[in-house]
Amino acid sequence: MEDYLQQLDDEQRTAVLKSAGRSIIIAGPGSGKTRVITYKLLHLLKTGIKPSEILLVTFTRAAANEMIDRARMLTGIDLEGITAGTFHHICNLILRRYARKVGLFPNFTILDEEDSKSLIKHVRTMVLERTGEIKHFPSHGVLQKIFSYATNTMSTLHSALLKINPKYIDYEKIIEDIYREYTIEKRNQNCVDYDDLLVFAVQVLQDSDIRLRESRKYKWILVDEFQDTNILQLNLIELLSSFHKNIVVVADDSQSIYSFRGARYENVRDFMKIDGTKLFKIQTNYRSVEPIVKLINATIPKRSVPKVLRAVKFSDQKPIVIKTSDRQEEAAYVSKQILRLIEQGFDPEEIAVLYRSHSHSLELQIELSKQQIDFKILSGIRFTETAHVKDIIAFLRIIQNPREKISWIRVARLFPGIGAKTASNLAEHAYGAALQNDVSSILDGFSQKKGQILEIKKLLSEMQEESTVSDKISFLYESFYQQYLQDNYPDYKERQQDIERLIEVALRYNSLEHFLSDLTVNEDVQNNVSKGQKITLTTVHQAKGLEWDVVFVISVNPGDFPSYYALMENNIDEEERIFYVAITRPRKLLYLVTQQYPSSPYMYWAKAVDFLQKIPEELVDIYDTSY
DNA sequence: GTCTGTAATCTTTTT
DNA sequence: GATTACAGAC
């Protein structure tokens with residue numbers, strides 16, 4: 001037995017050594033999933049596989065980096081050359097190589113959710129102008145959900161419409177029109193949205209020559225968090241593994257929490273069913289103490305593969321249920337308790353507060369600030385989603401792909417005197433001129449608002465002259481945007497710091513295309529370097545795969561968690577899995593906090609589904625602090 | 001056409 | 001309780 005595998009238990013070691021061909025590892029929470037993948041990587045390298053022959057698909061970029069770093073530490077082998085990242089990242093890489101196969105130019109840009117929403121809004125307005133005013137027609141936000149769901153589930157617009165909101169079924173024809181036009185617009189503007197990345201990558205791989213070339217590269221494919229893949233992603237890994245047929249996926253079906261974006265935990269079952277698939281199970285829970293594991297076992301979601309977790313860590317402390325009155329009191333209790341824990345010697349970095357929705361954390365944020373407890377928020381608005389960073393990106397996107405109207409509009413509107421109308425005219429002009437002209441002369445011949453146009457033109461052409469991405473941004477910042485921030489935002493100082501950080505990040509890149517796609521598809525770039533000892537606030541979704549000594553789950557009351565929508569649509573199964581993910585995060589202490597009189601008016605009729613009422617009383621300690 | 005203040009309109013989870 | 005749509009002033 002290789003001694004570097006000594007650190008694994010029997011189940012883990014078997015999974016590392018014997019998984020080959022088509023394999024699935026069913027892993028309970030806290031059973032060392034990451035460890036198994038890391039050791040699998042290590043084992044492959046030890047047996048002579050080159051990093052460039054491995055494809056590692058993870059749920060976030062950070063997860064991939066972590067595994068690679070650990071494998072490097074354990075082996076001393078540099079993993080330079082490995083292909084690793086999220087599905088979107090990998091699809092982007094493939095699509096850059098074969099863009100023309102699907103009618104794109106290789107310099108295509110990627111729309112984030114907000115961009116794609118505004119493009120849908122634009123198309124929606126145009127189509128509705130033709131058909132005349134329609135009352136209660138779905139908003140652009142709803143349309144986007146419908147389109148996205150249809151794409152990610154590879155189903156018809158009709159069934160997506162039924163799923164998202166059946167009351168719009170009468171408008172099916174017009175919605176189809178908008179969808180068609182939206183697709184055409186994207187194509188014309190040489191840009192793709194998040195869903196297109198997956199769709200087009202799969203489309204490209206239908207070509208047998210390309211499929212052979214691409215799938216030959218990857219002797220081994222490893223996929224983490226397989227329970228959260230959708231049908232497109234399943235297709236993609238099937239195509240990429242079609243030559244060597246070594247594909248190892250790791251899954252916990254009880255933790256599938258992304259069905260809203262098409263994830264189907266049935267992928268796990270379907271994958272297992274195919275002949276010759278090897279199945280491994282690792283069920284020991286190394287993370288949580290026994291009283292927590294007992295609660296976990298009692299809370300296994302319905303409709304998952306039956307499992308019983310074994311605990312190895314012991315403790316006298318049961319999970320604690322706290323009944324508070326409302327959000328205010330909940331916040332007060334939680335921050336007081338956190339202070340107490342820190343006094344007792346708990347490391348703030350090892351304390352986290354989890355919630356179903358961002359909005360549930362507002363009162364707590366205020367309370368924590370009052371008590372001077374430092375905290376960091378994992379979810380919420382991302383760095384690249386802030387207005388000021390998006391402004392800078394818009395300039396860069398114009399240089400990268402001048403056909404894209406959304407960025408032209410965004411840039412134009414930064415200048416006083418230019419509103420929606422002029423900006424839209426300008427974008428149309430730019431779109432028409434972009435094919436024949438260089439960026440600097442695209443605006444020639446546009447006659448409105450001469451002064452501002454001249455300034456835009458000058459900025460763009462000088463940015464183009466600068467050779468590195470970082471210099472391009474620096475130039476824009478110093479000659480225009482720094483002043484703009486000062487004139488328009490009271491909190492301009494923080495925003496300026498963000499841009500300065502962006503300039504630093506850009507130093508690592510020598511290609512504009514690379515920089516832009518990493519910003520939209522590779523969220524690791526954005527993770528702010530947090531200094532000092534801070535507790536963590538995050539949604540349960542973002543907490544997936546993470547662990548802390550102490551975890552508070554707040555607002556565990558009907559209407560908040562389970563969410564109001566889930567109760568409306570009677571979609572409790574997924575909420576159960578989200579709750580399951582939440583209670584499986586702590587190592588030592590779990591607090592479940594609920595409100596007796598929540599502000600949400602829904603709790604009164606929704607009382608029927610209360611997670612806390614389903615918990616056997618002897619498994620927890622209950623305290624009532626409400627008035 | 002643009003800008004600003006007020007009324008109406010929803011409220012989830014994310015690459 | 002924040003975002004968006006709209007109306008009216010410039």
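Letters go in sequence order (proteins before strands), and every chain restarts at 1.
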Whole Å only: how far is the [atom1] atom of [X] from the [atom2] atom of [N]?
X: A/I578; N: B/dT13; atom1: CD1; atom2: P; result: 10 Å
X: A/E113; N: B/dT13; atom1: CD; atom2: P; result: 10 Å
X: A/F579; N: B/dT13; atom1: CZ; atom2: P; result: 19 Å
X: A/N152; N: B/dT14; atom1: CG; atom2: P; result: 15 Å
X: A/I572; N: B/dT13; atom1: CD1; atom2: C1'; result: 14 Å
X: A/L128; N: C/dA5; atom1: CG; atom2: C1'; result: 15 Å

Task: With A/R261 via salt bridge (charged side-chain N to carboxylate O under 4.0 Å, His left out) - residues at least two apart - done: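 Counting only residues at least two positions away or on another chain, A/R261 forms no salt bridge (charged side-chain N to carboxylate O under 4.0 Å, His left out).
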Task: Aromatic plane relationship, A/Y481 with A/Y484 - under 30° parallel, 30 to 60° tilted, over 60° perpendicular - done: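 A/Y484 and A/Y481: parallel rings.
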Open item on the list: Parallel, tilted or perpendicular, judged at 30° and 60°: which one describes the rings of A/Y182 and A/F147?
Closed with: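 Parallel.
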Check whether any side-chain N or O of [X] sits under 4.0 Å from OP1 or OP2 of [N], and answer yes or no.
X: A/H358; N: B/dT12; result: no
X: A/T539; N: B/dT14; result: yes
X: A/Q144; N: B/dT14; result: no
X: A/K145; N: B/dT13; result: no
X: A/Q542; N: B/dT13; result: no
X: A/H140; N: C/dT4; result: no

What does [X] touch in the nucleic acid at a heavy-atom separation under 4.0 angstrom: a base, only the sugar-phosphate, or nothing?
X: A/I418; result: sugar-phosphate
X: A/T422; result: sugar-phosphate
X: A/E574; result: nothing

TODO: Using the aromatic ring of A/Y258 (for Trp, its six-membered ring), decide whether it stacks on the base of B/dT13 within the limits of 5.5 Å and 30°.
DONE: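 Aromatic stack with B/dT13 absent for A/Y258.
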Open item on the list: Determine whether the aromatic ring of A/F87 stacks with the base of B/dT15, defined as ring centroids separated by less than 5.5 Å and ring planes inclined by less than 30°.
Closed with: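 Stack criterion not met.
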Task: A/A566 or A/P416, whichever maps to the more 5' nucleotide of DNA chain B - done: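 Going by which nucleotide is closer to the 5' end, it is A/P416.
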- [ ] Find which nucleotide of DNA chain B each of A/G419 and A/R356 is nearest to by heavy atoms, and output the residue with the more 5' nucleotide.
- [x]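 Mapping each residue to its closest nucleotide by heavy atoms, the 5'-most match is A/G419.
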Open item on the list: Take N1-N3 plus N6-O4 or O6-N4 for Watson-Crick, N1-O2 plus O6-N3 for G-U, both under 3.5 Å. Which runs of 3 or more such pairs involve DNA chain C?
Closed with: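 Consecutive-pair runs (3 or more) involving DNA chain C: B:1-10 with C:1-10.
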Task: All ring-ring contact (aromatic ring centres under 6.0 Å, His included) counterparts of A/F561, not counting sequence neighbours - done: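 For A/F561, the residues satisfying ring-ring contact (aromatic ring centres under 6.0 Å, His included) (neighbours in sequence not counted) are A/F579, A/F611.
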Open item on the list: Among residues at least two apart in sequence or on other chains, which ones pass ring-ring contact (aromatic ring centres under 6.0 Å, His included) with A/F375?
Closed with: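 Counting only residues at least two positions away or on another chain, A/F375 forms no ring-ring contact (aromatic ring centres under 6.0 Å, His included).
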Task: Nearest to side-chain heavy atoms of A/Y194, which nucleotide of B/dT15, B/dG1, B/dT12 - done: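 Looking only at heavy atoms from C-beta outward on A/Y194, the closest nucleotide is B/dT15.
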Open item on the list: Can you identify which nucleotide, out of C/dA5, B/dT11, B/dT13, has its nearest atom closest to the A/K121 side chain?
Closed with: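 The answer is C/dA5.
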TODO: Of all the heavy-atom pairs spanning A/P138 and A/Y171, show the shortest one and how long it is.
DONE: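 Looking at all heavy atoms of both residues, the shortest contact is CD-CD1, 3.7 Å.
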TODO: Please collect all salt bridge (Lys or Arg N to Asp or Glu O under 4.0 Å) contacts where either partner lies in residues 82-93 of chain A, sequence neighbours excluded, each pair once.
DONE: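 Sorted result for residues 82-93 of chain A: empty, none.
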Task: Listed partners of A/E574 passing side chain to side chain donor-acceptor pair (under 3.5 Å), at least two apart - done: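 If we apply the side chain to side chain donor-acceptor pair (under 3.5 Å) test to A/E574, skipping adjacent residues, the hits are A/S259, A/R577.
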